Amino acid sequence: MAEGKDALAEAEPSNKIPVAVGTGVKVPLITLATLAVLAAMDYAQSLVLPVVLAFIISLTLTPINLWLQRRLWAGFSAFLLVAGVTLAIGIAVVTLSQPFTAFIDDAPAIGRKLQDRLSEFRGPVESITKASQEVEQITNAAADPEVTEVVVRQPGLLNKAATNLGSVASTLAVAIALTYFLLVTNRLIYEKIVHAAPRMSDKKRALTVVNNIVTVVSKYLLTITIINAGFGCAIGITMLLLGMPSPALWGIAAFLLNFLPFVGSLVGTVSATIVALLTYDTVQWAVLPGLAYFALTTVEGHFVTPTILGHRLELNPVAILLSIALWGFLWGVAGIILAVPILIIVKVMSDNISDMQGFGQFLSGATVQEEKVEAEAEVEQAA
């Protein structure tokens, strides 16, 4: 009966009059809608950020969740996965707490040691500082003596850390709770999408598009998370062998930074070099951690990841940098970490929705574009 109704619905003529929207109207409307959505995400960060984080975590765990749901009750499989994520976060927090506390305590000594190591560069910097101080004195002398200068005291580092800690904890708690419900109701979401489409052809097309997006994105996110975890372990072991302080901290930082192509490698290499300058007595030894980090991230980026994932989801470097800048501006450090996963989701959606395929081509890397051109040339030669 249901198929008969769908067939009748498709056969019935529609009384709706199609309205053609020209490019001159469509582009401004899309631009304004995009700006409105970004403004809403910035304003409602405390609400939207946990939802986006939960959505990405649930997508990452979808392959494992589907495998478990064939053998276990959906609620129990989701509970096991959420418990595993919570345990991993707890272990990371416990591991990072001691090195972070030690860094806060030793911050003055670290600053003095860094100044001593950079003493050869102090001459030019001091001349610039002296010139700026003289300009400031001249400006203050010309100012009105009756005007009282008010200095606003900024909160200390510990106060900022305590304030941010509560915000991070609440965001993670909401995201983990929402992740559980997304994992439990993933099949229900598919059913709602199918029922929302008016015709059978639309139902099939919507189900195919959503299934392709979820399958590609979830497999990519899970695979890249496993690769990054292996990369973090390799960095941690390397820093331990080189005698660097807090190798576990280096491993976790490398795991997170590796979600940022190009930028994460640069930040990790520079950070390892700076810390090595404070750790070793000779410059020759101080260069080794930075070189080791760069070598490992080069091997991972040029050999390991392309071998496992291929080039189909390679991204445009310009799009990566713009995404990091945009989401970092909106959501800070959390936005920087989530920038590339969000970009991957947008790219896969663009590849599967006909109206967005042009934007998807912009987000694709050079290798993907070359493969498409070669495939089209082969088709033309065969014809």
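Please read these numbers as outputs of a predicted model, since none were measured by experiment.
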If you apply the rule side-chain contact (heavy atoms from CB on, under 4.5 Å), what do you find for Gln357 with Ser350, and how did you get there? CA-CA 5 Å; Gln357 287 181 354; Ser350 302; over 6 Å; no
Does a side-chain heavy-atom distance below 4.5 Å link [X] with [Y]?
X: Leu183; Y: Leu61; answer: yes
X: Ile57; Y: Val82; answer: no
X: Ser46; Y: Thr171; answer: no
X: Ser58; Y: Tyr180; answer: no
X: Met41; Y: Trp327; answer: yes

Minimum heavy-atom distance [X]-[Y], with the two atoms named:
X: Ala286; Y: Ala276; value: O-CB, 3.1 Å
X: Ser364; Y: Lys347; value: OG-CE, 3.3 Å
X: Met239; Y: Pro289; value: CE-O, 3.9 Å
X: Ile56; Y: Pro341; value: CD1-CB, 4.0 Å
X: Thr185; Y: Phe181; value: OG1-O, 2.6 Å

Is there a chain of hydrophobic side chains (I, L, V, M, F, W, Y, each step under 4.5 Å between heavy atoms) that links [X] to [Y]?
X: Leu182; Y: Leu47; value: no
X: Phe359; Y: Ile345; value: yes
X: Val174; Y: Leu59; value: no
X: Leu49; Y: Val333; value: no
X: Phe329; Y: Val52; value: yes

Counting distance only, does the side-chain N/O of Ser323 pair as donor-acceptor with the main-chain N or O of Val340 below 3.5 Å? no
Side chain Ser218, main chain Val214, donor-acceptor under 3.5 Å: yes
By side chain to side chain contact (heavy atoms under 4.5 Å, CB included) - contacts of Thr298 (at least two apart): Phe294, His302
Partners passing side chain to side chain contact (heavy atoms under 4.5 Å, CB included) against Asp42 (at least two apart in sequence or in another chain): Leu330
Can you list the steps and then say if Leu288 with Tyr280 is a side-chain contact (heavy atoms from CB on, under 4.5 Å)? CA-CA 10 Å; Leu288 286 179; Tyr280 299 105; over 6 Å; no
Using 0.5 Å steps for rounding, measure from the [atom1] atom of [X] to the [atom2] atom of [Y].
X: Trp331; Y: Leu53; atom1: CH2; atom2: CG; answer: 9.5 Å
X: Leu338; Y: Leu343; atom1: CG; atom2: CG; answer: 12.5 Å
X: Leu363; Y: Ile320; atom1: CG; atom2: CD1; answer: 10.0 Å
X: Gln361; Y: Asn316; atom1: CD; atom2: CG; answer: 12.0 Å
X: Ile274; Y: Leu278; atom1: CD1; atom2: CG; answer: 8.0 Å
X: Ile224; Y: Phe231; atom1: CD1; atom2: CZ; answer: 11.0 Å

Just to verify, what does Thr62 make a side-chain hydrogen bond (donor to acceptor under 3.5 Å, both in side chains) with, not counting sequence neighbours? none
Once side-chain hydrogen bond (donor to acceptor under 3.5 Å, both in side chains) is applied, do any residues pair with Ser77, and if so which ones, sequence neighbours excluded? Asn65
Please output the side-chain donor-acceptor pairs of residues 241-250 that fall under 3.5 Å, not counting sequence neighbours, one pair per line with the distance.
unit_1 : atom_1 : unit_2 : atom_2 : d
Trp250 : NE1    : Pro245 : O      : 3.2

Which residue, Thr86, Leu68, Thr60, forms the side-chain contact (heavy atoms from CB on, under 4.5 Å) with Leu81? Leu68
Pairs under 3.5 angstrom only: tabulate donor-acceptor contacts from the side chains of residues 253-268 to other protein residues two or more places apart or in another chain.
unit_1 : atom_1 : unit_2 : atom_2 : d
Asn258 : ND2    : Asn228 : OD1    : 2.7
Asn258 : ND2    : Glu300 : OE1    : 3.3

